[in-house]
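Notes for the one structure printed next.
Computation of the quantities below employed the complete heavy-atom set of this structure, encompassing side-chain atoms and omitting hydrogens, waters and symmetry-equivalent molecules. Convention: sequence-line order gives letters A, B, ...; per-chain numbering from 1.
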Amino acid sequence: MKLKKSTINNIISFGIVIIAFIICQTMISTGVMKRSLKGQMIPICVYIVMAVSLNLVVGISGELSLGHAGFMSIGVFSGIIGSAWLEAIGVTNEVVRLFMSMIIGGVFAGIFGVLIGIPVLRLRGDYLAIVTLAFGEIIRNVLNCLYFSLEGTKLHVSFNNPSIPGTILVNGPNGAKDVSKIATFPAGFVLILFTLVVVMNLINSRSGRAIMAARDNRIAAEAMGINVTKYKMMAFVTAAVLAGMAGALYGLSMATVTAAKFKFDTSILVLVFVVLGGIGNIWGSIIAAALLTVLPELLRAFADYRMLIYAIVLILVMLVTNNPTMRALLSKLIPRRGGAQSKGGAAL
Amino acid sequence: MVSFLRFFINGISLGSVYAIIALGYTMVYGIAKMLNFAHGDVIMVGAYIAFCAMSYLNLPPLLAVLCAMVVCTCLGVVIEGLAYRPLRQAAKLAVLITAIGVSYLLQNTALLIWSSNPKVFPSVFNVGQIRLFDGNLVISSETILTIVANIVIMIALTLFTSRTKMGKAMRAVSEDRGAAELMGINVNRTISLTFAIGSALAAIAGVLLCSSYPTLQPTTGSMPGIKAFTAAVFGGIGSIPGAMIGGLLLGIIEILGKAYISTELGDALVFAVLIVVLLFKPAGLLGKPIREKV
């Protein structure tokens, strides 16, 4: 039996992720890994999923989204509420609860993805970008005014009114407190695998080719009978669902979370992962997300200067990678790289 | 009624600040076709410079503002030359990320120099207040000055872009860079000039913003920056009168929304209005319609 090239590539990809996971897991269980790094394992998984899903929008579908953290925050809070509610109705198994919460987070983020996608995808270019930014900010502002509580198995919601019966789950601007931390690193690994399966299958499918055709030339794609809005929507909503699932995992790994955490800066952070990893390059996103999540931790020795160094590194990397002479040199060294990059960059 | 008038005037005052910042965004976007996310942080730098000039050097306010303008102009030109000019042919997203890098750089440099402790901005201008309706409606000197400054800047900028040679060059470059270059316009110098004007305006905006809302922190500029950017898009990005109208409307909506609907949702309301406007006018209020070419 002869396998398709994309199938072989996928198998190799999954193999690398599984090996990386096994290495990390052995390092944790044998105690080689430092405590500070161990605490970073779940955020790394979360940001990898965030970066890969945003890459689906920015790289594959070619639309700049500046509000990805908004979907994450929806996932965070619906995941936390879902987890508490599931516990109340008698789902005691933590693993089952975690995965069900992640699904809840994904579903809610997906619903908002559809609602936001309908108006957003009518716009083009920078206008689309600013509207996603606006939606991200609106989500954060509205979450700041929402109060959720649980009374028995009954869920109460109120807007701008903190006095609601039962135990408070989400307390407006103070966010969620005393969340039962049920998220685990293996669950994060499973989420990464799931994301890769979804994204890679989507890219290599008929729909994926339609999405990329719409990115490369909207008018030509429309002329070929591709429903551009439908396929852009598909990429946008898939990314929202994955971000919501990552958000649920993130929320259930922290003792306290506030909506203020998911402001514009977080969206930008994920966008930086995507761009540094290479637009449209899934593997680049994974590596960039993992390295850049750990980097501030590694730069801890520089204390106050670390964000400054981060900024300078960011500017220098952008200047060097976009320098024509450097690019020519790189494409000589790695012939495939230059071609792949210009393919993704051309759409933006 | 009086309270409505008060909110309305406060809205115009805040909107004037947004408009001045939005002018910087819109001019840079029009000419360099880039979203300059570092613009908000130039405002912050301007405010800090003015603050230092007044508190440590004891300069008079007007000289302090001038000082801030000079520093910001230099800063804007340097940023453009070092970070954006090498990327003129690069993908749009690369420029955006570089702008974000510059924004982080400015914020963190400010953090190291001035620390994160909020500074209380001194009351700059005291030209007296206007009292109306038996003292029920007090318009502070900051408000008057902000509005006056806005009108003066608007007129000056309109005259500059329509009458002077440099201004015409700016419009030509934003219309068609290639053709402008063929006509003998020095594109690089024109773009530098745009950054210089935008940054000088940012310095003024910083001082005006901080004299109305007197806490100064390294992150002071980021939220007004985003809102002014929203204002620029709202009015049609690339259009100077658009930035003006967008800024004013946004300021009024924000203040009235906070006063009458919900304090927490004021910002959300601003963004919601932007979305609604863009749905009906996808290129903003005064923006040129996007042409589609095959």
Side-chain angles (χ1 to χ4, degrees), chain A residues 58 64 119-120 122-131 133-142 144-145 159-160 172-173 218-220 223 264-265 268 271-272 274-276 279 304-319 321-324 341-342 344-348, chain B residues 29 33-35 37 82-83 86-109 111-112 115 219 222-223 226-227 229-230 232-234 237 262-276 278-279 282-284 287 290 292-294:
Chain A
V58 176
L64 179 57
V120 163
R122 287 172 46 136
L123 302 165
R124 308 275 166 89
D126 294 327
Y127 292 95
L128 188 145
I130 184 79
V131 168
L133 187 161
F135 269 116
E137 291 296 306
I138 290 176
I139 290 173
R140 183 170 63 86
N141 271 300
V142 172
N144 261 337
C145 299
F159 189 79
N160 241 343
R218 189 184 178 115
I219 297 167
F264 177 60
D265 298 32
I268 290 295
L271 184 67
V272 167
V274 172
V275 176
L276 285 187
I279 298 155
D304 293 344
Y305 293 93
R306 67 179 180 171
M307 278 315 287
L308 196 67
I309 294 169
Y310 186 88
I312 294 170
V313 167
L314 193 62
I315 298 170
L316 286 181
V317 167
M318 287 333 285
L319 288 180
T321 51
N322 285 290
N323 191 312
Q341 264 207 343
S342 61
L348 291 152
Chain B
Y29 184 88
K33 298 283 175 288
M34 66 165 289
L35 304 177
F37 271 113
L82 288 183
L87 294 173
R88 202 139 295 159
Q89 307 301 328
K92 229 173 167 181
L93 211 56
V95 190
L96 181 78
I97 299 290
T98 313
I100 289 161
V102 173
S103 155
Y104 283 166
L105 186 73
L106 291 179
Q107 270 183 32
N108 287 291
T109 315
L111 193 70
L112 287 177
S115 87
T219 50
S222 61
M223 204 53 201
I226 291 178
K227 280 194 199 140
F229 175 39
T230 312
V233 175
F234 189 79
I237 196 155
S262 153
T263 328
E264 289 85 2
L265 288 179
D267 293 352
L269 202 73
V270 166
F271 291 116
V273 171
L274 168 84
I275 292 165
V276 173
L278 284 188
L279 284 183
I290 309 162
E292 236 171 75
K293 278 187 221 159
V294 181

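- At a 4.5 Å heavy-atom cutoff, the contact between Met223(B) and chain A is made by side-chain atoms alone.
- Nearest heavy atom pair, residue Ala311(A) against residue Gly101(B), reads CB-O, 3.6 Å.
- Tested against Met318(A), the residues Thr98(B), Leu93(B), Val95(B) include a single side-chain contact (heavy atoms from CB on, under 4.5 Å) partner, Thr98(B).
- The structure places CG of Leu87(B) at 10.0 Å from CD1 of Ile315(A), a figure rounded to the nearest 0.5 Å.
- Proximity to chain A (any heavy atom under 4.5 Å) is shown, for Leu279(B), by both the backbone and the side chain.
- If you take CD1 on Ile268(A) and CD1 on Ile100(B), they are separated by 3.5 Å, rounding to the nearest 0.5 Å.
- Heavy-atom pairs under 4.5 Å with chain A were tallied for Leu265(B), Val102(B), Leu82(B), Leu274(B); the largest tally goes to Leu265(B).
- Between Ala83(B) and Leu319(A), the shortest heavy-atom distance links the atoms O-CD2, 3.5 Å.
- Interface residue Leu133(A): only side-chain heavy atoms are found under 4.5 Å from chain B.
- Between Leu96(B) and Leu271(A) the shortest side-chain heavy-atom distance falls below 4.5 Å.
- Only the side chain of Ile226(B) comes within contact range of chain A, with at least one heavy atom under 4.5 Å from a heavy atom of that chain.
- Every residue two or more places apart in sequence or in another chain was checked for a salt bridge (Lys or Arg N to Asp or Glu O under 4.0 Å) with Arg122(A), and none qualifies.
- Using a 4.5 Å heavy-atom cutoff, the side chains of Lys227(B) and Glu137(A) are not in contact.
- Using a 4.5 Å cut-off between heavy atoms, Leu308(A) contacts chain B through both its backbone and its side chain.
- The candidate from Ile309(A), Val131(A), Val120(A), Val313(A) with the greatest count of non-hydrogen atom pairs under 4.5 Å with chain B is Val131(A).
- Separation of atoms CG (Asp265(A)) and OG (Ser103(B)) is listed at 8.0 Å; rounding is to 0.5 Å.
- Looking only at side-chain heavy atoms (C-beta outward), Leu278(B) and Ile130(A) come within less than 4.5 Å of each other.
- For Ala272(B), the side chain to side chain contact (heavy atoms under 4.5 Å, CB included) partners at least two apart in sequence or on another chain are Ile138(A).
- For Ile97(B), the parts lying near chain A are the backbone and the side chain together; criterion is any non-hydrogen pair under 4.5 Å.
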